[in-house]
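Reviewing the structure listed below.
The structure displayed is predicted, hence computed values, not measured ones.
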Amino acid sequence: EKSTDSSKTQEPAMKRKKQKKSKGDPKTGQEEESHTCCGCRFPLLFALLQLALGISVTVLGFLMAGISSSLLVRDTPYWAGIIVCVVSLVGFVMLCISYQPDEKTCVQFTVKLMYFLLSALALIACVLAVAFAAHHYLQMTKFTCDTILETCYCKLDTADPLGRTFVYQDAADCGSLTSALNLYLLLQMVLNLIAALVCLLACFVMWKHRYQVFYVGARFYPLNATEGQQQKV
């Protein structure tokens with residue numbers, strides 16, 4: 001009878017301890033906060049930013065290609081925007097994978113590795129797009145253009161007969177074409193630079209925290225671990 005009474009008194013005490021640990025344990029709160037960034041799960045913020053920037057760069061690149069059919073692919077960096085959009089889609093896939101500590105699943109490790117590598121590739125593509133746009137913009141500030149049969153002919157140095165001539169087809173007015181291209185090139189430089197910084201920050205966070213600090217996907221608590229903790233208590 002004494003043993004039964006003692007067991008009954010121990011059970012509510014154990015329940016109180018569990019409730020105190022679940023409610024007032026600061027470590028659990030810190031762990032949950034460490035898996036979030038600005039209230040959002042990683043990589044939700046990066047994926048949203050990459051998607052918005054990728055769509056903007058892609059649409060702007062196709063608009064630039066529609067101005068003149070003679071523009072080169074490097075001058076219309078829609079390819080950089082497409083790569084950034086693909087990176088953002090991989091980031092959204094990461095949110096659908098059940099989180100497990102120490103990357104115990106091959107799928108989780110593979111998706112994280114793909115996200116890291118594609119972010120590095122997108123970083124390189126955006127930097128190249130910024131370099132090409134800046135080079136073209138500097139050239140256009142020194143152009144002297146003439147319109148002949150809906151084609152715009154531009155030269156860097158009119159005094160040099162052997163100087164390179166830049167041809168922009170499907171352009172009825174050189175003035176409107178150069179002003180529109182200057183505006184588009186400036187926007188491309190700004191958007192690609194921001195996208196490059198976002199991809200760089202994503203790579204830095206993934207590398208520094210070794211994929212374990214920010215919350216990714218749905219947290220998975222195995223039943224065996226919880227049962228073992230209850231038995232120990």
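- A disulfide bridge connects C154 to C145: their SG atoms sit within less than 2.5 Å of one another.
- Expressed to the nearest 0.5 Å, how far CE of M140 lies from CG of L156 amounts to 10.5 Å.
- Between the CG atom of L89 and the OH atom of Y115 there is a distance of 11.0 Å, given to the nearest 0.5 Å.
- Using modelled atom types, one side-chain atom of S70 and one backbone atom of V167 make a donor-acceptor pair closer than 3.5 Å.
- For an aromatic pair to be called close, the ring centres must be under 6.0 Å apart, and Y153 with F166 fails this.
- Side-chain contact between L44 and F92 is present, with heavy atoms from C-beta onward closer than 4.5 Å.
- No single ILVMFWY cluster, assembled from side-chain heavy atoms under 4.5 Å apart, contains both L138 and F143.
- Between Y168 and I67 there is no side-chain heavy-atom pair separated by less than 4.5 Å.
- Clustering ILVMFWY residues whenever any of their side-chain heavy atoms sit less than 4.5 angstrom apart, transitively, puts L49 in the very cluster that holds M94.
- In this structure a side-chain-to-backbone donor-acceptor pair under 3.5 Å is present from W79 to V73.
- In terms of hydrophobic clustering, with Ile, Leu, Val, Met, Phe, Trp and Tyr side chains grouped at heavy-atom distances under 4.5 Å, L191 and V84 are assigned to different clusters.
- No side-chain heavy atom of F62 sits less than 4.5 Å from a side-chain heavy atom of T76.
- C85 is listed as a side-chain neighbour of I55, based on a closest heavy-atom distance under 4.5 Å.
- Between atom CE of residue M189 and atom OH of residue Y137 there is a gap of 6.5 Å, rounded to the nearest 0.5 Å.
- Nearest heavy-atom pair across L187 and L60 is CB-CD2, 3.5 Å.
- For the pair L177 and S68, the tightest heavy-atom approach, listed with the atom from each and the gap, is CD1-CB, 4.4 Å.
- L123 and I194 fall into different hydrophobic clusters, where Ile, Leu, Val, Met, Phe, Trp and Tyr residues are linked whenever their side-chain heavy atoms come under 4.5 Å apart, directly or through other members.
- Shortest non-hydrogen contact noted between A125 and A80 is O-CB, 4.1 Å.
- Looking at residues two or more places apart in sequence or on another chain, you find a side-chain contact (heavy atoms from CB on, under 4.5 Å) between S69 and Q169, D170.
- Looking only at side-chain heavy atoms (C-beta outward), D146 and C152 stay at 4.5 Å or farther from each other.
- Using a 4.5 Å heavy-atom cutoff, the side chains of F132 and P77 are not in contact.
- Screening H136, H135, K142 for a side-chain hydrogen bond (donor to acceptor under 3.5 Å, both in side chains) involving Q139 leaves a single residue, H135.
- Screening residues 174-197 for side chain to side chain donor-acceptor pair (under 3.5 Å), with sequence neighbours left out, gives Q188-N192.
- Looking at heavy atoms from C-beta onward, F46 lies in side-chain contact with V205 at the 4.5 angstrom threshold.
- Two residues are said to be in side-chain contact when any heavy atoms from C-beta on lie closer than 4.5 Å; L181 and L71 meet this criterion.
- Criterion: ILVMFWY side-chain heavy atoms under 4.5 Å apart, direct or through other members. Under it, L193 and V127 are not part of a common hydrophobic cluster.
- Between I124 atom CD1 and L200 atom CG the span is 11.0 Å, to the nearest 0.5 Å.
- In this structure, I83 CD1 and S119 OG are separated by 11.5 Å, a value rounded to the nearest 0.5 Å.
- Between C203 atom SG and L117 atom CG the span is 8.5 Å, to the nearest 0.5 Å.
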